[in-house]
Colleague: 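Shown below is the structure under consideration.
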Amino acid sequence: MSDHLIVFDTTLRDGEQSPGASMTREEKIRIAKILERMRVDIIEAGFPAASPGDFEAVRAVAETITDSTVCALARAVGSDVDRAGEAIKPAVSGRVHTFIATSPIHMRDKLRMQPDEVVEHAIKAIKRARQYSDDVEFSPEDAGRSETDFLCRVLEAAIDAGARTVNIPDTVGYNLPEEFAALIVELMERIPNSDKAVFSVHCHDDLGLAVANSLAAVRCGARQVECTINGLGERAGNASLEEIVMAVRTRQDMFSCDTRIETKYIVPASRLVSNITGFPVQPNKAIVGANAFAHEAGIHQDGVLKSRETYEIMRAEDVGWAASRIVLGKHSGRNAFRSRLAELGIQFSTEEKLNSAFARFKDLADKKHEIFDEDLQALVTEQGLEHANEHLRLVSLKVCSQTGETPNAAVVLSVNGEEKRAEASGSGPVDAVYKAIDSVVGSQSELQLYSVSAITSGTDAQGEVTVRLERAGRIVNGHGADTDIVIASAKAYVNALNKLVSPSQRTHPQSGQAI
Ligand code: KIV
Ligand code: ZN
């Protein structure tokens, strides 16, 4: 059995399926580049049949990434497989991942297919995918609730048809570690051609067991894990890449394999994904949470000062928790700015975009003298958002907040190029700003989440605001950053409203649509 554990990152596909986490082509490229630097083996870049935009994004990732395999997802249907195959064509190494549900409930109520038809669709899709790449992965969706006899049948046929990787998804996060590990062992033992394929696992976190289930399977012979940065993903999310990688690396006494991951990129990747998707990382999240290496209790601090191993099982710097470095300042020139961004994996497609980012940087450096990598990341994300959404723009904002008085806000917005003004008061300055904006836009949306955090330390740090809006079942996230948190709040709200008005015609890969 191989001692290499393949890391298959699906932040750009399953992660993107989190409500409100959709990413633009440029954002996907930025995340893909850091995953590549981290030495992720396979990057699942998206579901090309979902929309022309998704197709373009996967293709752009395939054109850019050279050191990781780029994978595209397809339902087990000819047209999906063709879109996926076309999208990964430019890749140095490309994979098509096709799937079909195999649990009784999915076959009966979602697909409305007999088991024989499911096997037939799987075989056809795999053979078709092999016309685009020798590297084909097959997943029996909802394997965790499928009958083992049927799984053996469909997986044997899939391997015969040319699948080199067979992935066992616990799609709804239902399994327990012992149960899931036993399933992997039984499948590997009973399927006659199981030695011709790599066994992979893909676990969701509905019961908080995605990482435990994945690790239990790895200990029993699975040699690919599917995971996402920060555990992003449908509902409660997917198994988190950082937790799996660090568990395997830290407990080498318990695993007969390891990944090739450069762990020092874990924290920067976590921040980038959080910054782009607007999903904050909880402070007590393992490995990447702000408190993951903070020692509060006096007794712990005493122990760590005497010998760090008393309470630390990993080194903060090994996962990228370096103290933030001041990288640029007010006097830095365009070349220094360009080269630091290049080191962060950010390149602009045109000189005009670089110039506009540089102008923003100068504005920021006037307000905040020390500019950190995190500030640069936020600046680039904001610029990308504005380019993507031209409908609504914040022109100016004036807020009056004083003890004993009701806060008041006056905003000027550009709506499709036309300037509109509004004033409102509210229980606090942010409430007043949101009411003023809403009196212009009339969004009829519900604010589900508002969160603010500091990008770096110090009172001159930029505040990063995330909002989540819901309207008629559609959820969008917006975010904004500024040294003034009320302005950051306004930017985040405008960003979310822009997403709400832009039409979304993406097909969800796992929806109940007939295939
Ligand atoms: O959770 C799941 O079953 C999936 C499949 C498409 C692999 O994401
Ligand atoms: Zn999934």
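Not measured: the values here are computed from a predicted model.
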Colleague: When rounded to the nearest 0.5 angstrom, what is the spacing between CG in Leu151 and CZ in Arg145?
Modeller: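 Separation between the atoms: 12.5 Å.
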Colleague: Tell me, yes or no, whether the heavy-atom count around Lys124 atom NZ, taken from other residues, nucleotides or ligands under 6.0 Å, exceeds 12.
Modeller: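 Incorrect, the count does not exceed 12.
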Colleague: How about Glu317: does its CD atom have over 12 heavy atoms from other parts shown lying under 6.0 Å from it?
Modeller: yes
Colleague: Do Arg249 and Glu242 sit within salt-bridge range, that is, some charged N less than 4.0 Å from a carboxylate O?
Modeller: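 Looking at Glu242 together with Arg249, the answer is no, because their closest N to O distance does not fall below 4.0 Å.
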Colleague: Ignoring hydrogens, what is the shortest heavy-atom contact between Ala161 and Ile126? Give both atom names and the distance.
Modeller: O-CG2, 3.6 Å
Colleague: Is the closest side-chain heavy-atom distance between Ile276 and Gln377 below 4.5 Å?
Modeller: no
Colleague: Please check if the side chain of Arg223 supplies one atom and the backbone of Val218 the other of a donor-acceptor pair under 3.5 Å.
Modeller: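 Pair found, side chain donor or acceptor close to backbone of Val218.
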Colleague: Would you check if Val465 and Lys491 make a side-chain contact, meaning some heavy-atom pair closer than 4.5 Å?
Modeller: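 No - every pair of side-chain heavy atoms lies 4.5 Å or more apart.
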Colleague: Minimum heavy-atom separation for Thr102 and Ser146, please, with both atom names.
Modeller: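 Closest approach of Thr102 to Ser146, heavy atoms only: OG1-OG, 2.8 Å.
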Colleague: Should Ile88 and Ser133 be marked as a side-chain contact (heavy atoms from CB on, under 4.5 Å) after you check the CA-CA gap, both sets of side-chain angles, and the distance that decides it?
Modeller: CA-CA 9 Å; Ile88 55 144; Ser133 173; 4.2 Å; yes
Colleague: Got Phe47 and Gln17 here, is their nearest side-chain heavy-atom distance under 4.5 Å?
Modeller: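 The answer is no; the side chains never approach within 4.5 Å.
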Colleague: Could Arg468 and Phe279 be counted as a cation-pi pair, given that NZ or CZ must be under 6.0 Å from the ring centre and within 45° of the axis?
Modeller: yes
Colleague: Indicate whether any N or O donor in one side chain lies under 3.5 Å from an N or O acceptor in the other, for Asn213 and Asn175.
Modeller: no
Colleague: Applying salt bridge (charged side-chain N to carboxylate O under 4.0 Å, His left out), can you list everything that pairs with Asp205, at least two apart in sequence or on another chain?
Modeller: none
Colleague: Would you indicate whether Gln114, at its atom CD, is surrounded by more than 12 heavy atoms from other residues, nucleotides or ligands within a distance under 6.0 Å?
Modeller: no
Colleague: Should we count OH of Tyr174 as having more than 12 external heavy atoms under 6.0 Å?
Modeller: no
Colleague: Stepwise, does the salt bridge (charged side-chain N to carboxylate O under 4.0 Å, His left out) test hold for Asp80 with Arg128?
Modeller: CA-CA 10 Å; Asp80 270 34; Arg128 195 166 181 132; over 6 Å; no
Colleague: Check Asn167 against Ser200 and note the closest heavy-atom contact, atom names and distance.
Modeller: OD1-OG, 2.8 Å
Colleague: What's the spacing between Leu215 CG and Leu209 CG if we round to 0.5 Å?
Modeller: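 Output value for this atom pair is 11.5 Å.
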Colleague: Residues in side chain to side chain contact (heavy atoms under 4.5 Å, CB included) with Ser22, at least two apart?
Modeller: Glu16, Arg506
Colleague: Got His204 and Asp170 here, is their nearest side-chain heavy-atom distance under 4.5 Å?
Modeller: no
Colleague: For the pair Glu36 and Thr66, evaluate side-chain contact (heavy atoms from CB on, under 4.5 Å) and give the outcome as yes or no after the intermediate values.
Modeller: CA-CA 8 Å; Glu36 180 185 38; Thr66 53; 3.4 Å; yes
Colleague: Using a strict cut-off of less than 4.0 Å between a Lys/Arg side-chain nitrogen and an Asp/Glu carboxylate oxygen, indicate whether Arg13 and Asp54 qualify as a salt bridge.
Modeller: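 Salt bridge flag = no for Asp54 with Arg13.
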Colleague: Looking only at non-hydrogen atoms, find the nearest pair between Ala76 and His121 and report the distance.
Modeller: O-CD2, 3.4 Å
Colleague: With a 4.5 Å cut-off on side-chain heavy atoms, are Arg251 and Arg219 touching?
Modeller: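 They are not in side-chain contact.
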Colleague: Do Met314 and Thr263 have side chains that get closer than 4.5 Å, going by heavy atoms?
Modeller: no
Colleague: Quick one: do the Glu44 and His202 side chains pair a donor with an acceptor below 3.5 Å?
Modeller: no
Colleague: Does one side chain, of Asp142 or Thr171, offer a donor that lies under 3.5 Å from an acceptor on the other?
Modeller: no
Colleague: State whether the side chain of Arg59 and the backbone N or O of Pro90 hold a donor-acceptor pair below 3.5 Å, judged by distance alone.
Modeller: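 No; zero donor-acceptor contacts below 3.5 Å.
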Colleague: Could I get the full list of side chain to side chain contact (heavy atoms under 4.5 Å, CB included) partners for Met188, not counting sequence neighbours?
Modeller: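 Result, side chain to side chain contact (heavy atoms under 4.5 Å, CB included) vs Met188: Met1, Ile184, Phe199.
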Colleague: With respect to Leu241, which candidate in Thr259, Ile229, Thr11, Val211 satisfies the side-chain contact (heavy atoms from CB on, under 4.5 Å) definition?
Modeller: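 Checked Thr259, Ile229, Thr11, Val211 against Leu241; only one passes side-chain contact (heavy atoms from CB on, under 4.5 Å): Ile229.
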Colleague: Considering all heavy atoms of both residues, which atom of Phe348 and which atom of Ala357 are nearest to each other, and what is their separation?
Modeller: CZ-CB, 3.5 Å
Colleague: Do the side-chain N and O atoms of Glu464 and Gln462 include a donor-acceptor pair separated by under 3.5 angstrom?
Modeller: no
Colleague: Indicate yes or no: does Glu86 engage Lys89 in a salt bridge with an N to O separation below 4.0 Å.
Modeller: yes
Colleague: With no hydrogens and no angle check, is any side-chain donor or acceptor of Lys28 less than 3.5 Å from a backbone partner on Met23?
Modeller: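 No; zero donor-acceptor contacts below 3.5 Å.
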Colleague: A side-chain contact here means heavy atoms from C-beta on lying under 4.5 Å apart; do Leu183 and Glu179 qualify?
Modeller: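 Heavy-atom side-chain distance check fails, nothing below 4.5 Å.
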Colleague: Check Asp135 with Arg164, please: is the shortest side-chain N to carboxylate O separation under 4.0 Å?
Modeller: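 Answer for the salt bridge query: no.
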Colleague: Could you label the plane-to-plane angle of the Phe337 and Phe361 rings as parallel, tilted or perpendicular, counting under 30° as parallel and over 60° as perpendicular?
Modeller: parallel
Colleague: Salt bridge between Arg340 and Asp373, side-chain N to carboxylate O under 4.0 Å?
Modeller: yes
Colleague: Under 4.5 Å between any side-chain heavy atoms of Pro140 and Pro169, yes or no?
Modeller: yes
Colleague: Which heavy-atom pair separates Ser274 from Pro280 by the least distance, and what is that distance?
Modeller: OG-CA, 3.7 Å
